[in-house]
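Remarks on the structure that follows.
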Protein chains: 2
Amino acid sequence: MTVRTKTKRERVAAKEEAIVAAATDAFLQGGLRAARMAEIAKAADVAEGTLYLYFRNKEALFAAVVERHWQGLTAGAKKAVGQHDEPMDQLESLARFTLTRILDDWALFELTFAVHYGSEGGDAPDNRRDYVKEFDRVIERGIDRGQFPATVPVRNLRDLFFGCLEYSSRSMLARRRSKPDDYEATIRMVMAAIAGAAGARQPTPARAAPDRLEAAVDRLEELLAQHEPG
Amino acid sequence: MTVRTKTKRERVAAKEEAIVAAATDAFLQGGLRAARMAEIAKAADVAEGTLYLYFRNKEALFAAVVERHWQGLTAGAKKAVGQHDEPMDQLESLARFTLTRILDDWALFELTFAVHYGSEGGDAPDNRRDYVKEFDRVIERGIDRGQFPATVPVRNLRDLFFGCLEYSSRSMLARRRSKPDDYEATIRMVMAAIAGAAGARQPTPARAAPDRLEAAVDRLEELLAQHEPG
DNA sequence: CGAGAGAAATGAGCAAGCCTCATTATTAGT
DNA sequence: ACTAATAATGAGGCTTGCTCATTTCTCTCG
């Protein structure tokens, strides 16, 4: 045929998309374990064997589902940050976006934690990396503008930010009531914590004797770590 | 026989313990999916069918492993808190204990996230509940002593505390370097954030070394206790 | 002490499900 | 239209969680 609606690559991409979409539905109901490859194949309208032309195994398909979800999240985060100019406004926007999306798609978010198992390869995907990078960008911009001290501990701030948001989501979903109040309280607390910690300066330890003790403890802990597994 | 070394209940409990211990080893290598019931049975020196007399299925055995781990953690947390009198000291001790244990037994801690899947029953176990309750107790005591305002948002503080600690552990393990510095920086940030958000006074510095020593001694005593009976 | 009932443990076999691969269908270039 | 290359199929193999008929152990009572 001289006239074709789609190229081969497009058709392949569309089929891959159909498979991932069907797999997403399947994994959302019961997780990695309960999902059946046969049902995914049927939902995607392909043979079971075809799944293995696109993904090495069930784990790889699962990883693709999660990765796709995080790509969407990252795009949304970029957009949320881009809607503001002031770094603190950008952070609040990012916080609201993060909290909202985790609460809305909790089941999908939770799948993230199940990715690692079974991937016998040594590579660690870490889908969150690109997402949290948005936070770093905002902070760096704040430093450039002189609004944060250059010594601000970005990594620790980032852990505080996302850790608090993720954990708060979990406990908000655990108790199913009073969402709006909790939501605002969480945002307020995260923003206050960031503001406080970003402006605070690091205290200098400056002690001699404790250092010696700590060195000794280091040795002990090292020994413990060695003897613990056996 | 008139003389018996153990009662029936004790023997049953011992066997259950052996099964859980063997299962822990198995699940630590490859997670829920890769562990084989046959190997667990062999390691526990029982027949495969016997496993199902003690646990309904693989998921239930897995849940038991995780629950046992959290019971140990909770006991340790109680002890860490009990070593101090001032609420802020108690919190720092709890923070150090939490961070240390998560970093040490990350693989075991990570299994927590895989519990939910496959448990078709509607009950949510939430092994962390008792653990985080220790935090609440400290805060409540601080309120009673008049060191925190009675309006302090306990739940949000708790989310901040544990969320930051857990997330920090994850990222500290993701990049494998510079543990001691990160460790202290994380503790400092968590305590500062809590102090700021709770409206309390900053903890007196230079307590870091004693706390670390005590945490190390705790670990030593725990290991000794474990190795003594077996 | 011995018998026997009840409890506990066993492991061969079944069923379910992931994955392979020989076979069939489709596509694209000449 | 022919053909080589590529894509798709699905029946079957193989692993593995789990069951249950059978065996082994334990404890009580005559």
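Being a predicted model, the structure only gives us computed values, none of them experimental. Naming convention: chains lettered A, B, ... in sequence-line order (proteins, then strands); numbering from 1 in each chain.
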All N/O pairs under 3.5 Å across the protein-nucleotides 4-6 of chain D interface:
none

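Every residue was checked against the side chain to side chain contact (heavy atoms under 4.5 Å, CB included) condition with A:K79, not counting sequence neighbours, and none meets it. Residues that satisfy the salt bridge (Lys or Arg N to Asp or Glu O under 4.0 Å) test with A:K78, not counting sequence neighbours, are A:E134.
OP1 or OP2 of D:dA8 has at least one side-chain nitrogen or oxygen of A:Y54 nearer than 4.0 Å.
The aromatic rings of A:W106 and A:F109 sit tilted, their planes meeting at an angle between 30° and 60°.
Here D:dT16 presents its C1' atom at 18 Å from CZ of B:F62, a figure rounded to the nearest Å. The interatomic distance linking B:K42 (NZ) with D:dT16 (P) rounds to 12 Å, in whole Å. The separation between A:I19 atom CD1 and D:dA8 atom C1' is 11 Å, rounded to whole Å.
Remark: the B:D130 side chain and the B:T74 side chain contain no N/O donor-acceptor pair separated by less than 3.5 Å.
Annotation: cation-pi geometry satisfied between A:R170 and A:Y167 (NZ/CZ under 6.0 angstrom from ring centroid, within 45° of ring axis).
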Distance-only donor-acceptor hits, side chain of residues 95-104 of chain A, under 3.5 Å, sequence neighbours excluded:
unit_1	atom_1	unit_2	atom_2	d
A:R96	NE	A:E92	OE2	3.2
A:R96	NH1	A:E184	OE2	3.0
A:R96	NH2	A:E92	OE2	3.1
A:R96	NH2	A:E184	OE1	3.1
A:T98	OG1	A:L94	O	2.7
A:T98	OG1	A:Y131	OH	2.7
A:T100	OG1	A:R96	O	2.6
A:T100	OG1	A:Y183	OH	2.7
A:R101	NH2	A:D105	OD2	3.1

- Message: Pair A:E16, A:F55 - check side chain to side chain contact (heavy atoms under 4.5 Å, CB included), show working.
- Response: CA-CA 9 Å; A:E16 184 173 318; A:F55 301 94; 3.9 Å; yes
- Note on the structure: Contact string for nucleotides 10-21 of chain C, one letter per nucleotide 5' to 3', B = base within protein heavy-atom range under 4.0 Å, S = sugar-phosphate only, - = neither, reads BB-----SBBB-
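Applying the side chain to side chain donor-acceptor pair (under 3.5 Å) rule to pairs touching residues 35-46 of chain A yields nothing, sequence neighbours excluded.
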